[in-house]
Amino acid sequence: MNRDTEARVMRVYRQYADHLNPAWVRLFKFAGLETLEVEAEGAIIRDAYGREYLDFAAGPSVFILGHRHPKVVEAARRELDRMPLSVRMMANEPMGELAELLAQVTPGDLQYVFFCNSGAEANEAAIKLARLATGRPEIIATTGAFHGKTLGALSVSGRDMYRAPFEPLVPGIVHVPFGDAGAVASAITPRTAAVILEPIQGETGVVIPPDGYLRAVRDLCDRRGVLLILDEVQTGMGRTGRMWACEHEGVTPDMLTTAKGLGGGVAPVGAMIARPRLWEPMVKDPLIHTTTFGNRLGWAAAIATIRVILDDDLLPRATAIGNRLMAGLRQAAAGSGLVADVRGRGCLVGVEFTDADVAFLVMAAMVQRQVLVFYSTNRREVVRFAPPLIATDTQVDRAVSAFADALAEAQTLLAEVTAPSTTE
Ligand code: PLP
């Protein structure tokens with residue numbers, strides 16, 4: 001091992017320990033990633049020692065086109081060379097063009113866009129606009145949901161582990177079980193402004209609701225005069241095989257939020273897109289909800305990302321990648337006794353293990369084989385695969401083979417741990 005590289009790694013680890021958080025250092029070591037990310041291209045990340053990793057964790061779900069897609073980089077570089085940030089006192093082309101493009105590629109009459117820099121901010125905007133547009137304070141959210149960690153987004157998220165230390169959170173939020181439209185119906189009151197949902201709960205381990213759930217909630221919201229906010233931060237931008245996961249059920253929300261893949265893995269960009277009727281209070285007072293940064297570079301990257309997804313026909317490719325991956329994972333898991341479920345839609349796939357420790361063992365064993373997948377911190381028995389839409393069949397097969405080997409290693413390890421000792 002190169003001594004200079006080792007010294008670089010140690011220096012960065014000391015900086016993390018002294019100035020960021022020593023817990024991160026422990027986590028990297030625990031996951032077998034005692035190294036530095038250095039460069040990346042497509043589905044491959046290179047580390048400080050020159051090792052190459054297949055990135056099927058994707059950030060999680062950020063690198064929809066892999067790393068540094070040439071067309072996204074070119075679009076971002078053009079802005080870098082002329083004006084990466086907007087002064088906000090003049091109109092600009094990337095912002096106008098991306099807003100129009102988003103209106104075109106989102107379902108139904110979604111038309112007006114608020115831009116920001118993250119998923120949580122996009123959800124904050126949606127929650128605030130729901131209150132503003134209806135004059136009602138309450139929001140219905142779902143248990144297990146993840147909408148971000150700012151105070152408003154956290155308040156509609158449904159994991160006690162993250163919520164409890166920060167209580168009291170924003171008042172007027174009611175949580176109902178995910179996948180149960182009847183529970184939403186029972187929770188609606190005259191004070192309800194909106195229901196907020198993920199079409200598939202990503203962070204909670206790829207939880208797919210029953211068929212017809214989104215449609216049923218949409219109909220219910222229409223009948224009861226309540227807004228529907230769909231959080232497509234993780235499921236959007238083609239990840240599930242449609243540009244937006246709500247298209248699988250032909251549903252148009254009143255507001256749709258997106259981030260993660262929107263910037264094509266080159267820049268952080270978030271957006272909230274709403275129906276025109278809801279925009280009236282924003283027109284009345286355009287300063288009522290704003291943010292400082294006008295990310296021209298990110299908007300240009302997002303335009304290029306959407307164009308690549310459509311021009312290169314990557315939506316059916318996402319479905320094909322997911323189907324190949326899930327078939328391979330199911331075959332590898334069959335008979336292992338360690339996997340409870342393999343599920344997913346398109347390039348968002350979860351493997352649920354019978355035990356959270358086994359999930360960690362398999363993930364770490366995959367890291368040793370230089371394949372990165374994501375451990376769901378919200379549901380520790382689930383390992384998530386989020387391959388980029390540009391992954392090749394060979395890369396999918398490599399991930400499956402690393403999974404099969406990692407599973408076999410975990411089985412051997414567990415057999416050793418549970419075998420009766422002969423020396424006692
Ligand atoms: N919404 C969903 C569905 C997410 O998966 C996430 C992040 O994982 C967020 C919101 C929060 O996004 P961000 O971390 O960019 O604030």
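Numbering of ligands and ligand atoms starts at 1, following listing order. All residue numbers in this chain count up from 1 along the given sequence. Since the structure is predicted, the reported quantities are computational estimates derived from the model, not experimental observations.
Of all atoms in ligand 1, numbered sequentially from 1 with element shown, those under 4.0 Å from a heavy atom of D231 are 1 (N), 2 (C), 3 (C), 10 (C). Distances below 4.0 Å separate heavy atoms of S118 from the following atoms of ligand 1: 15 (O), 16 (O). Every atom of ligand 1 is numbered from 1 in the order shown, and the set under 4.0 Å from a heavy atom of E203 is 5 (O), 8 (O). Of all the atoms in ligand 1, the ones that sit under 4.0 Å from a non-hydrogen atom of N123 are 1 (N), 10 (C).
Of the protein's heavy atoms, Q234 NE2, 2.8 Å lies nearest to atom 5 (O) of ligand 1. Regarding atom 16 (O) of ligand 1, its nearest protein heavy-atom neighbour is A120 N, 2.8 Å. Protein heavy atom closest to atom 2 (C) of ligand 1, with residue, atom name and distance, is F146 O, 3.2 Å.
The aromatic rings of Y213 and F178 lie perpendicular to each other, with more than 60° between the two planes, well past the 30° mark. The aromatic rings of F360 and Y375 lie perpendicular to each other, with more than 60° between the two planes, well past the 30° mark. Aromatic ring orientation, H289 versus F114: tilted (interplanar angle from 30° to 60°).
Under the side-chain contact (heavy atoms from CB on, under 4.5 Å) test applied with I140, the options V226, L228, V176, V156 reduce to a single match, V176. When each of K71, R78, R77 is checked for a salt bridge (Lys or Arg N to Asp or Glu O under 4.0 Å) with E74, only R78 meets the rule. Tested against I64, the residues V308, L389, L314 include a single side-chain contact (heavy atoms from CB on, under 4.5 Å) partner, L389.
At a 4.0 Å heavy-atom cut-off, ligand 1 does not touch A259 at all.
Proximity of K260 to ligand 1 is established by a heavy-atom distance of less than 4.0 Å.
Scored by the side chain to side chain donor-acceptor pair (under 3.5 Å) test, R131 finds no partners at all (sequence neighbours excluded).
Ligand 1 has no N or O atom lying under 3.5 Å from any N or O atom of E198, backbone or side chain. Residue G119 has at least one N or O atom closer than 3.5 Å to an N or O atom of ligand 1.
Within the 4.0 angstrom cut-off, atom 14 (O) of ligand 1 has no protein heavy-atom neighbours.
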Just do the side-chain contact (heavy atoms from CB on, under 4.5 Å) check on I309 and V105 with the steps written out, would you? CA-CA 11 Å; I309 291 172; V105 299; over 6 Å; no
